[in-house]
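Written out below as C-alpha cells is the structure these notes cover.
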Number of protein chains: 2
Amino acid sequence: MSPDSGNKTTRDCLLEVAERLFAQKGYDAVSVREITNTAKCNLASVNYHFGNKKTLYLNVFRERWMLRAQYIRACFEENLAGCGDTSPASVIQSLAEALIKGPLTDEERLFHFQLMIREMTKPTEAFEIVMEETMKPTFEGLEQLFQPYLHESIDEDRTLLNILSIFSMVLYFNFARLPVSKIIGHAYDQRFKDRLVQHIVDFSLSGLPVKEIAR
Amino acid sequence: MSPDSGNKTTRDCLLEVAERLFAQKGYDAVSVREITNTAKCNLASVNYHFGNKKTLYLNVFRERWMLRAQYIRACFEENLAGCGDTSPASVIQSLAEALIKGPLTDEERLFHFQLMIREMTKPTEAFEIVMEETMKPTFEGLEQLFQPYLHESIDEDRTLLNILSIFSMVLYFNFARLPVSKIIGHAYDQRFKDRLVQHIVDFSLSGLPVKEIAR
DNA sequence: GTCTATAGCAGGATAGAC
DNA sequence: GTCTATCCTGCTATAGAC
C-alpha cells in the first residue's frame with residue numbers, strides 16, 4: 001500500500017516520519033517498528049530503502065536537515081538584502097528573524113534544532129554535516145560581515161566568541177521552549193517571537209564591541 | 001563482591017556510574033547491564049536498590065544532580081560575597097565563574113549540563129526537579145539582584161529575557177564544547193575558561209540595560 | 001545484600017512469497 | 001517494491017539459592 005495520504009513515495013514518507021520521531025525522542029528511543037507503523041508502511045521498508053536504521057537517520061540529515069539549513073540561510077540573506085546595509089544591527093536582526101520566525105513552520109523549526117542539539121550532545125556521523133557544511137560556513141560569513149564594524153584591537157577569537165554568544169541565544173530560545181515558557185509564562189506565539197527577536201538584537205548589539213554606540 | 005575500589009556502597013557506585021553513562025549517552029542508549037558491568041556489580045543490584053531502571057535515573061537527579069546544583073549555587077554566593085557589592089558586573093562574574101570554573105571537576109560539570117540539556121529537549125519526571133527546585137529559584141534570585149540596577153522602564157519580562165540570555169551563553173559554552181572547540185580551535189583549558197568568563201561578563205554587561213555604562 | 005538463571009518481550013535485520 | 005514470517009540478539013525484571 002502507498003503510505004499516508006497521497007503522492008509521497010514510501011521513501012519520502014519514511015524520511016519525514018523518521019525526522020519527527022528522531023527529533024522528539026532521540027535515535028535510541030525510536031524503533032524501526034514505530035517509524036514504519038507511523039508512516040503506515042511495512043516493517044521491511046526501512047531496510048529496503050535505506051539498508052538499516054542508522055543510514056535512515058543519516059539520510060534524515062542529508063536530505064531533510066540540510067535542506068532546512070539552506071532555507072534558513074537563504075532567508076537570512078534575503079532579510080539582509082532587504083535592509084540595504086550590512087551593519088551589525090541589520091545582520092543580527094536578519095539572522096534572528098531567519099532563525100526564530102524564518103521560513104519554517106514552528107514544528108519544522110523545533111525538529112531542526114532538536115536534531116542539532118542531539119548531535120551536539122552526542123555526536124554521530126551526522127555531526128560532520130551539521131558542523132562542516134552548515135555552522136562553520138555560517139560563522140565564517142558572519143565574521144566577514146562583522147569585521148569592518150569592530151574595533152581594530154578585537155582579535156579573531158573574540159569575534160568568534162561574540163558570534164557564538166549570539167548563536168547560543170538563538171539556539172536556546174529555539175530548543176528550550178519548555179523551560180522558557182515556564183519561566184516567562186507565555187506561549188511561543190507571533191507576538192512573543194517578535195519580542196524575542198527584538199530582545200536578541202538589543203542584547204547582542206550593545207554587547208558587541210562596535211566602534212560607535214548605535215542606537 | 002563489593003564494587004569498584006573501596007568504601008563506596010554498591011548503591012553509591014551505581015548512582016555514580018549511572019550518572020556518567022546517562023549523561024554521555026542518554027537514558028535509552030544505556031542498558032542496566034552496561035551500568036552494572038561498569039560498576040562491577042551484579043545485574044540484579046539495580047532492581048534491588050532502586051526497583052527499576054527509571055527510578056535509578058530519577059535518583060541520579062535527586063541524589064547527585066541536585067547536590068551539584070547546590071554546590072554551584074553556594075559557590076556563586078561565595079563569589080558574590082567576595083566581591084563586596086551586588087552590581088550586575090559582580091553578579092554576572094560570580095555566576096559565570098561558579099558555572100564555568102566552579103567547584104566541580106571538568107567531568108562533573110560536563111555530566112551536569114548534559115543531563116540538564118537532555119531534560120530540556122525531552123523532559124521526564126526529572127524535569128520538575130531541574131526546573132522547580134533549581135532554575136526557577138536561581139532566576140528569581142538573579143531578578144532580585146538585578147532589579148535595583150535596571151532602568152525603571154524595564155518590565156519583568158524583559159529582565160527575565162536578559163537573565164535567560166546570560167544563562168543561554170553559560171549553558172552553551174558548557175554543553176557545546178565540541179562545536180565550540182572546533183570553531184575556536186582551542187581546548188577547554190584553564191586559560192580558555194578564564195577568557196570565556198571574561199567574555200560572558202563583557203558581552204552580558206554591555207547588553208544589559210544598566211543605568212550607567214560601567215567600565 | 002549478593003548472585004545466577006531465566007522468564008518474557010521488543011529490538012534490528014533478513015528470507016522469500018507475491 | 002511490498003509484505004509476512006521469522007531469526008536471533010539483547011533488553012528489563014524477577015525468582016529463588018546462598
Checklist entry - Tell me, which pairs form a side chain to side chain donor-acceptor pair (under 3.5 Å) where one or both residues lie in residues 50-63 of chain A, sequence neighbours left out? => result A/Arg11-A/Glu63, A/Asn52-A/Thr55, A/Lys54-A/Glu125, A/Tyr57-A/Glu119, A/Asn59-A/Arg62, A/Asn59-A/Glu63

Specify the separation, in whole Å, of atom [atom1] of [X] and atom [atom2] of [N].
| X | N | atom1 | atom2 | answer |
| --- | --- | --- | --- | --- |
| B/Leu56 | D/dT12 | CG | P | 11 Å |
| A/Leu14 | D/dC3 | CG | P | 11 Å |
| A/Leu21 | C/dG11 | CG | C1' | 16 Å |
| A/Ile35 | C/dA10 | CD1 | C1' | 15 Å |
| A/Tyr57 | C/dG11 | OH | P | 19 Å |

Checklist entry - Between C/dC3 and B/Ser45, is there an OP1 or OP2 to side-chain N/O distance shorter than 4.0 Å? => result no

Checklist entry - So, is B/Asn42 close to the C/dT4 phosphate, meaning a side-chain N or O under 4.0 Å from OP1 or OP2? => result yes

Checklist entry - Under 3.5 Å, side chain of A/Thr121 to main-chain N/O of A/Arg118, donor-acceptor pair present? => result yes

Item to check | A/Thr38 side-chain N/O to A/Glu34 backbone N/O, donor-acceptor pair under 3.5 Å | outcome: yes

Next on the checklist: Within the 4.0 Å limit for protein heavy atoms, which parts of nucleotides 12-18 of chain C are touched? Write it as a string from 5' to 3', B for base, S for sugar-phosphate only, - for none.
Outcome noted: BBB----

Checklist entry - Which class fits the ring pair B/Phe173 and B/His199: parallel under 30°, tilted 30 to 60°, perpendicular over 60°? => result perpendicular

Checklist entry - Mind checking what makes salt bridge (charged side-chain N to carboxylate O under 4.0 Å, His left out) contact with B/Arg109, not counting sequence neighbours? => result B/Asp106

Next on the checklist: Under a plain distance cut-off of 3.5 Å, with no hydrogens placed, do A/Gln93 and A/Glu97 share a side-chain donor-acceptor pair?
Outcome noted: yes

